[in-house]
Amino acid sequence: MQKTLLRYIWTHTRPQQVFILLIVALSMIPYFLAFDLPKQIINGPIQGQGFEDLSTTQNFLDFSISIPFVDYTFGFDGFPLDRMQTLVALSSVFLLLVIINGAFKYYINTYKGRLGERLLRRIRFELVDRVLRFPPRHAKSLNGAEIASMIKDEVEPFGGFTGDAFVQPALLGGQALAALFFIILQNFWLGMVAAFMVAIQVIIIPKMRRRLIELGRQRQITARRLAGKVNEVVEGLGTIHAYDTSNFERADVASRLGEIYRIRYDLYQWKFLVKFLNNFLSQVTPFLFYLIGGYLTLRGTLDVGQLVAVINAYKDLPGPLKELIDWDQARQDVQVKYEQVFENFEVEDLINPAIHTLTPASTQQKLETLHAVSVSLNDDSGAKVVDHVTLKIDRGETVAMVDHTGRGAEAMAEAFGRLSWPSSGRICLGDQDIRELPESVTGRHISYVSTDSYFFHGSLKDNLLYGLKHAPVKRHEYEGKEMRQRLWEIREARKAGNPHLDIRAGWVDYSYAALGNGAKEDLQKSLLAALDAVQLTDDVLELALHSTINPDEDPEFATRVVEMRRALRARMNELGMESLVIPFEPDGYNSQATVAENLLFGATLAPLTPDNELLSSEHFYTALNKVGLQRPFVEMGRTVARNLVEIFGGLPADHPFFRQVTTLSAEDISYYQSLLQRKNEPKPVNFRLSSADKAFIRLTLEYIEPRYRLGILTTELQNKIVGSRELFYTELPAHLRELIERYDPDKYVSVATLRENIVFGKLSNSNADGVVELRTLAGAVSRELGFANQLLKAGLDYDIGAGGRRLTPIQRRKLNLARALIRRSDYYVFNKPLPGLERHTQEEIVQNVLAFLGQQENDPAVIWVLSNISLSRLFDKVVMFDGGAILEEGSYETLEQESGTFKALVA
């Protein structure tokens, strides 16, 4: 990157800048001509100069041009016009010049804007490109929020300034000089007055604005640090709450905001002082013009037309002059910002761009060995963590690396994965240093997995396939308007120095699927096998069961769910497991469902909150009254409220009860307590419900007997609810019935989860292992129906959230491992990828992974840094590090027999 912004702009936009400067020079001709026309109009046809009588005419548009050296004159005599015709003609020319000047301004400003946006696009891409090329050690110290703030916000002014960088001083300077030159031509002394005032403004104002630049730089730095702090608060919310440091963080943020306020207040004071002085100087000049110009007019040395023309010309002088001063301030301001960006992105040892060269074709070269040659590694503090280690890994070999003391094994794994660079020695793939190999080789032949994992916002499947998106392998087909839009995008990308890669193309390279020969079906096979290997299949199925599917988007899937619903019910009946699920039946009350679900025999499209459209309508309560349930529901809700207040009143807001009963909170208990304290007066049969009565009805609608166990939902009331279903539904207006999706054993319920659709009922809480038993049974039935893969597909479409936060830590680690397994590599480096798992689970997954990779035809090597040293018996070779050096190396059996240190660690 160039050290100054002007040089950067000139380097990347030189041809465009030259072109627009020529246009600016051309625009000066009509701009200057427009100054002289008012004088001609006033002195000529208006005051009658040259029109002494009515018959006098003047030639309009007459001119002559003499060609030097050839003694030839070319001219045109013009059109003879009388006084009125001349007035109309000159006024029309003035209007034409206004239009031409406006057209020039429009074209110049439009061109500048496009030029600026292209350069802004270029520099933003270049900064992101530099982030991707940061060396590993520097990348670890980055603050993501600050980098994002610089790329998004701090470079924004560069785009606006790019078009003005050379055009604005040329245009404004040309306009100011044209106006000043015209004034001097009319009267020398008025020209000198204007020149003197211009000199004062040009010299004093920029000097005063230097402090504004410094204050702006301070504001920029403090705002960026505030963004970094806010990012830390968001990322560290759990730690803040765990250690009760929220007020410390509030104090920190308040202090930073106070500093920003002080800078901005000082900035405003100085800014408006400069503005006041600039405006004052601008207004003094007209005063001098009126005074001196009027005096000269009265003396007869200056005619009225000249004075009007001078004043008119001066009106066009302060504008360009002020904008020119503003341009100089903007130049200094963006230069300060550019220097800040330059300091943060001009990093030593940037990765060579050739390392990231796009390579669409699969690399076919055979890489037999991965070896470290006298490698030493330092940590971020400069301490040596690996000391002159030489290690060779052959294809097909499984190697366990363990640490006795220090973290040499972990550091070596990072070096093999190219996440850290040796301070001496080298890591070679075949005969080549991996630092010199392009990522199209190392990124495809080596798969690295560590404890740290990051997932991008998107579906589970998107993140699983992330390691297969090396380059576009299939073009997206464009037609018609889309094709024209795509061609425009390519053209603009080239002009902005951006790659014109198509994000809508097919990026998933099936040839790198771990199992098979590169077909799409092989990728599906690899994906499912990898999920099984890391024991993530059940989790994906569980995510699917908790998902809601729109049946209109995939009607075939909804039909298969209903088919599975029937098959599952039949299988439960065969096995005598009917008690696992209490089904929805038109003539039965489901004890595990809410009163509302039983009354409506369906689900509402929106939750039954107080502002729900259904509960907000008087028609709902009128229908309740007609079926005779209004008063019973009010009394039942009152009883529920009384019991809840009696039992749970006074509990703290963080009591476990409120985590189990998500529909109630400590605030709700207090609310119902206040309702119960109101006077309960007897009411007539057709009484109008109060807000308290409606609150009690809402409480009744959410009641589930097995959950609350208050024993108030009698069999008689249950039968009455079931018997009133159809009448209640028909009493509701059509617009309210549309808010309810009724249960139908032959239809998919769009507002219910996939699990609820499959079981078409509610799980019974009488069986503690019911969820596991149902999952096992449902899995067996789905496999028999050939529906299991479709269920898994629904789970793979689950949105895992930003950074995978919707997954548990264990699920994220399993997903991280599976992401590496589904792609075919020659070397797999696993750097303690499964912390936090139980020993037997870790052992099962390690065995599964080794077996899975053993199925690959390319005979890959596996390097696994183990936290559980006893698992090293599963590997061909064990390498034990001590203090950053290799202490022992050999088979598990050999080390166990010959090494006392290793035997002690295993024990």
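Atom CG of Leu821 is separated from atom CG of Leu536 by 11.0 Å, given to the nearest 0.5 angstrom. The structure places CG of Leu523 at 10.0 Å from CG of Leu515, a figure rounded to the nearest 0.5 Å. In this structure, OH in Tyr512 is found 4.5 Å from CZ in Arg444, a value given to the nearest 0.5 Å. Here the NZ atom belonging to Lys793 is positioned 11.5 Å from the CG atom belonging to Leu527, to the nearest 0.5 angstrom. To the nearest 0.5 Å, atom CG of residue Leu464 and atom OG of residue Ser526 are 11.5 Å apart. Going from atom CZ of Arg491 over to atom NE2 of His500 covers 12.5 Å, rounded to the nearest 0.5 Å.
A side-chain donor-acceptor contact under 3.5 Å links Arg819 and Asn816. Side chains of Gln856 and Arg824: a donor-acceptor N/O pair is absent below 3.5 angstrom, by distance only.
Other residues, nucleotides and ligands place more than 12 heavy atoms under 6.0 Å from the NZ atom of Lys229. Heavy atoms from other residues, nucleotides or ligands lying under 6.0 Å from OH of Tyr111 number more than 12. Within a 6.0 Å radius of CZ in Arg7, no more than 12 heavy atoms belonging to other residues, nucleotides or ligands are found. Counting heavy atoms of neighbouring residues, nucleotides and ligands inside a 6.0 Å radius, atom OH of Tyr106 does not exceed 12 of them. The number of heavy-atom neighbours closer than 6.0 Å to NZ of Lys105, taken from other residues, nucleotides and ligands shown, is 12 or below.
Contact check for Leu429 versus Phe416: no side-chain heavy atoms found under the 4.5 Å cut-off. In this structure, Ser750 and Thr548 have side chains that are not in contact, with every pair of non-hydrogen atoms separated by 4.5 Å or more. By the 4.5 Å heavy-atom criterion applied to side chains, Ser27 and Ile108 are counted as neighbours.
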*asked:* Evaluate Leu460 against Leu807 for side-chain contact (heavy atoms from CB on, under 4.5 Å), listing each step before the verdict.
replied: CA-CA 10 Å; Leu460 196 67; Leu807 302 178; 4.1 Å; yes
*Check the pair Asp509, Ser511 against side-chain hydrogen bond (donor to acceptor under 3.5 Å, both in side chains), reporting the backbone distance first and the verdict last.*
CA-CA 5 Å; Asp509 192 346; Ser511 66; 2.5 Å; yes
*Can you list the steps and then say if Arg122 with Asn498 is a side-chain hydrogen bond (donor to acceptor under 3.5 Å, both in side chains)?*
CA-CA 6 Å; Arg122 174 188 290 273; Asn498 288 185; over 6 Å; no
_Stepwise side-chain contact (heavy atoms from CB on, under 4.5 Å) check, Thr369 with Asp431_ = CA-CA 8 Å; Thr369 58; Asp431 296 327; 5.9 Å; no
*asked:* Could you go through Thr13 and Gln16, starting from their C-alpha distance and side-chain angles, then the distance that decides it, and tell me whether this counts as side-chain contact (heavy atoms from CB on, under 4.5 Å)?
replied: CA-CA 5 Å; Thr13 63; Gln16 295 86 355; 4.1 Å; yes
*Steps toward side-chain contact (heavy atoms from CB on, under 4.5 Å) verdict (Tyr8, Ile123)*: CA-CA 10 Å; Tyr8 182 90; Ile123 195 169; 3.8 Å; yes
*Walk me through it: do Asn831 and Tyr448 pass the test side-chain hydrogen bond (donor to acceptor under 3.5 Å, both in side chains)?*
CA-CA 8 Å; Asn831 191 358; Tyr448 175 83; 3.0 Å; yes
*Using the side-chain hydrogen bond (donor to acceptor under 3.5 Å, both in side chains) rule, take Tyr478 and Arg504 through it: C-alpha gap first, then chi angles, then the decisive distance, then the call.*
CA-CA 10 Å; Tyr478 292 96; Arg504 287 161 286 192; 3.1 Å; yes
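Ile549 and Ala794 get closest at one heavy-atom pair: CD1-CB, 4.4 Å. Closest heavy-atom contact between Ala820 and Tyr828: O-CE2, 3.4 Å. Pro499 and Phe125 get closest at one heavy-atom pair: CD-CZ, 3.0 Å. Residue Leu6 comes nearest to Ala165 through the heavy atom pair CD2-CB, 3.8 Å, listed as atom of the first residue, atom of the second, then distance. Ala471 approaches Thr359 most closely through the heavy-atom pair CB-O, 4.0 Å. Taking every heavy atom of both residues into account, Gln432 and Leu437 meet most closely at OE1-CD2, 3.2 Å.
Salt bridge Glu492/Arg121: absent, no basic N to carboxylate O contact under 4.0 Å. Salt bridge status for Arg114 with Glu117: absent, with no side-chain N to carboxylate O gap under 4.0 Å. One finds a salt bridge joining Arg395 and Asp826 here, because a Lys/Arg side-chain nitrogen approaches an Asp/Glu carboxylate oxygen to under 4.0 Å. Salt bridge annotation for Arg418-Glu439: present, with a cationic side-chain nitrogen under 4.0 angstrom from a carboxylate oxygen. Here Asp433 does not pair with Arg435 in a salt bridge; the nearest charged N to carboxylate O distance is not below 4.0 Å.
Not a single donor-acceptor pair under 3.5 Å links the side chain of Arg133 to the backbone N or O of Leu350. Trp421 places no side-chain N or O within 3.5 Å of a backbone atom of Arg426 that could act as its donor or acceptor partner. In terms of modelled atom types and a separation under 3.5 Å, the side chain of Thr808 and the main chain of Gln811 share a donor-acceptor contact. Proximity of a side-chain donor or acceptor of Arg823 to a complementary backbone N or O of Ala513 within less than 3.5 Å is not detected. Of the possible donor and acceptor atoms, none in the side chain of Thr162 sits under 3.5 Å from a partner among the backbone N and O of Leu115. Although no hydrogens or angles enter the test, the distance criterion places a donor-acceptor pair under 3.5 Å between the side chain of Ser459 and the main chain of Asp462. Proximity of a side-chain donor or acceptor of Asn352 to a complementary backbone N or O of Ile355 within less than 3.5 Å is not detected. Listed for the Thr537 side chain is a donor-acceptor partner under 3.5 Å among the backbone atoms of Asp532. Without hydrogens or angle criteria, Asn858 side chain to Ser825 main chain gives a donor-acceptor distance under 3.5 Å. Distance alone, capped at 3.5 Å, is enough to place a donor-acceptor pair between the Arg130 side chain and the Phe345 backbone.
When the options Val334, Thr4, Leu119 are evaluated for a side chain to side chain contact (heavy atoms under 4.5 Å, CB included) with Ile9, the one that passes is Leu119. With Tyr466 as reference, Phe456 is the one residue of Trp507, Tyr454, Phe456 to meet the ring pair (Phe, Tyr, Trp, His ring centres under 6.0 Å) rule.
In this structure, Phe19 and Tyr107 have perpendicular ring planes: the angle between them is above 60°, well past the 30° mark.
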